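Have a look at the structure below, then the notes.
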Amino acid sequence: MPEGHTVHRLAGALTELFSGLRPKITSPQGRFAQGAAKLDGQVALPAEAWGKHFFMPFAPEPMTVELGEDGPDWLHVHLGLYGSWSFDGDTEFIAEDTIGAPRRKIGEQEKLAEGDDERVMTDWEPPIPRDTVRIRLAQEHGIADLTGPNQCRVLDGSGVRTVLNRLGPDPLRNYPGDRERFISLVRKRRVPVGQLVLDQAVTAGPGNIYRADCLFRVGINPLRPGNRVSEARLGLLWDDLVSAMNEGKRDGIILTNPPEYVPEDPADEDDRRFAVYHRTGRACWRCGTKIVESDMAGRRLFWCPGCQR
DNA sequence: CTCTGATGGCTAC
DNA sequence: TAGCCCTCAGAGT
């Protein structure tokens with residue numbers, strides 16, 4: 001469901017909506033009751049994302065912290081396959097640059113909540129949470145509910161660093177040297193490159209859609225062993241992950257089908273949005289060959305045998 | 001109404 | 001490689 005771009009958007013949104021405040025923190029489901037009690041009443045500090053991992057520090061007083069620093073209590077969330085956050089609030093509860101509109105559900109899809117248009121500021125009251133809500137952050141103007149996460153826990157600085165130590169470079173951070181590091185991590189291995197792109201120790205953030213479509217866009221066969229892909233091609237792959245994921249972060253949707261391939265009247269959303277992902281048996285936009293699907297390490301893999309050799 | 005799949009990832013064998 | 005965790009929209013009966 002959520003690839004790294006979604007988690008980066010969420011970090012921005014939750015920062016805008018809660019940082020500097022002392023949100024009321026609860027666990028309607030009860031499974032995070034202890035963690036909620038620990039965070040409740042503390043000041044929320046700016047959240048960070050690394051790949052698909054979300055971290056939000058909480059401290060007794062406002063302060064500036066580095067990711068993984070000792071001191072604050074770090075809320076660590078991994079959405080896994082179907083975790084999501086949903087938002088609700090009055091007209092002041094808006095994260096302009098990161099969500100684009102208030103009260104969206106962010107997960108596999110983002111959408112406006114019902115009745116968004118007519119809701120008025122004075123009307124708003126916190127909705128009764130679903131009984132699966134693991135954690136609710138609440139402030140005067142709105143709430144954020146987390147459901148279905150793979151992980152939701154409180155870590156100290158060293159706990160955060162342990163998580164980060166297992167993660168490779170994140171295309172959405174793209175620090176100096178990351179491109180080279182990605183190339184060398186892939187070229188060290190004989191595992192198929194398609195598998196390495198999903199290995200979060202090789203690069204943190206890409207999921208099954210970016211894997212399929214970015215490999216297509218740079219013309220790499222996902223079955224090719226990592227050590228047999230040229231440095232030049234891997235460099236292009238990194239660059240493509242960086243640009244595709246930045247677009248996804250900006251727009252809140254994965255749209256990896258190159259514009260020149262988007263048909264006038266797409267048969268469905270898959271044809272509109274993707275190059276090869278979910279397009280098994282359909283004609284490649286570029287060469288007409290039928291898109292192929294197979295299983296790779298338990299995940300569905302899609303590619304064009306004509307373009308990706 | 002029931003059933004399945006999904007943009008993840010861990011652990012045990 | 002299989003089993004397990006976490007949830008629910010949309011497809012199928």
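In this text the structure is predicted, and so the values were computed from the model without any measurement. Here is the naming used below: chain letters follow the sequence lines, and residue numbers restart at 1 for every chain.
To the nearest angstrom, C1' of B:dA6 lies 14 Å from CG of A:D295. The NE2 atom of A:H278 sits 13 Å away from the P atom of C:dA11 (whole-angstrom rounding). Atom CZ of A:R153 and atom P of B:dG9 are 13 Å apart (whole Å). Rounded to whole Å, atom P of C:dC5 lies 14 Å from atom CG of A:L81. Separating the CG atom of A:D270 from the C1' atom of C:dG10 is a distance of 14 Å, rounded to the nearest angstrom. Rounded to an integer number of Å, the gap from A:E269 CD to B:dA6 P is 16 Å. In this structure, CG of A:L301 is placed 14 Å from P of B:dA6, rounded to the nearest angstrom. Atom C1' of nucleotide C:dC4 and atom NE2 of A:H78 are separated by 16 Å, given to the nearest angstrom.
The side chain to side chain contact (heavy atoms under 4.5 Å, CB included) check on A:P149 picks up A:V77, A:R134, A:L146, A:C152, with sequence neighbours excluded. Not counting sequence neighbours, A:D213 has no partner by the salt bridge (charged side-chain N to carboxylate O under 4.0 Å, His left out) test. For A:D240, the side-chain hydrogen bond (donor to acceptor under 3.5 Å, both in side chains) partners at least two apart in sequence or on another chain are A:R217. Applying the salt bridge (charged side-chain N to carboxylate O under 4.0 Å, His left out) test to A:E260 and every residue at least two apart in sequence or in another chain returns nothing. With sequence neighbours left out, A:K24 forms a salt bridge (charged side-chain N to carboxylate O under 4.0 Å, His left out) with A:D40.
A:D145 and A:W85 form no side-chain donor-acceptor contact under 3.5 Å, judged by distance and modelled atom types alone. A:H78 and A:N150 share no side-chain donor-acceptor pair at under 3.5 Å.
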Residues 169-178 of chain A, side-chain donor-acceptor partners within the protein, below 3.5 Å, at least two apart:
{"from": "A:D170", "atom 1": "OD1", "to": "A:L172", "atom 2": "N", "distance (Å)": "2.8"}
{"from": "A:D170", "atom 1": "OD2", "to": "A:H8", "atom 2": "NE2", "distance (Å)": "2.7"}
{"from": "A:D170", "atom 1": "OD2", "to": "A:G51", "atom 2": "N", "distance (Å)": "2.7"}
{"from": "A:R173", "atom 1": "NE", "to": "A:A49", "atom 2": "O", "distance (Å)": "2.9"}
{"from": "A:R173", "atom 1": "NH1", "to": "A:Y175", "atom 2": "OH", "distance (Å)": "2.7"}
{"from": "A:R173", "atom 1": "NH2", "to": "A:E48", "atom 2": "OE1", "distance (Å)": "2.9"}
{"from": "A:R173", "atom 1": "NH2", "to": "A:A49", "atom 2": "O", "distance (Å)": "2.6"}
{"from": "A:N174", "atom 1": "OD1", "to": "A:W238", "atom 2": "NE1", "distance (Å)": "2.9"}
{"from": "A:D178", "atom 1": "OD2", "to": "A:Y175", "atom 2": "N", "distance (Å)": "2.7"}

Please tabulate, for side-chain N and O atoms in residues 222-233 of chain A, each donor-acceptor pair with protein atoms closer than 3.5 Å (sequence neighbours left out).
{"from": "A:R224", "atom 1": "NH1", "to": "A:R228", "atom 2": "O", "distance (Å)": "3.2"}
{"from": "A:R224", "atom 1": "NH2", "to": "A:R309", "atom 2": "O", "distance (Å)": "3.3"}
{"from": "A:S230", "atom 1": "OG", "to": "A:R233", "atom 2": "N", "distance (Å)": "3.1"}
{"from": "A:R233", "atom 1": "NH1", "to": "A:G219", "atom 2": "O", "distance (Å)": "2.6"}

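The listed nucleotides are C:dC8, B:dA6, C:dC5; the one nearest the side chain of A:N150 is C:dC5. Comparing B:dA6, B:dG9, C:dT7 by their nearest atom to the side chain of A:R300 picks out B:dA6.
Remark: A:S84 is not in phosphate contact with C:dT7, judged by side-chain N or O atoms under 4.0 Å from OP1 or OP2. Between B:dC10 and A:Q151, no contact under 4.0 Å exists linking OP1 or OP2 to a side-chain N or O. Of the side-chain N and O atoms in A:Q200, none sit less than 4.0 angstrom from OP1 or OP2 of B:dC10. Residue A:R130 places at least one side-chain N or O under 4.0 Å from the OP1 or OP2 atom of C:dC8.
Between the P atoms of C:dT13 and B:dG5, the separation comes to 12 Å (whole Å). The separation of B:dC10 from C:dC8, taken at their P atoms, amounts to 23 Å, rounded to a whole angstrom.
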Could you go through nucleotides 11-13 of chain B and list every protein N or O atom that sits under 3.5 Å from one of its N or O atoms, giving the distance for each pair?
none

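Within a heavy-atom distance below 4.0 Å of DNA chain B, the residues of residues 202-224 of chain A found are A:G207, A:N208, A:I209.
The aromatic ring centres of A:H278 and A:F302 sit less than 6.0 Å apart.
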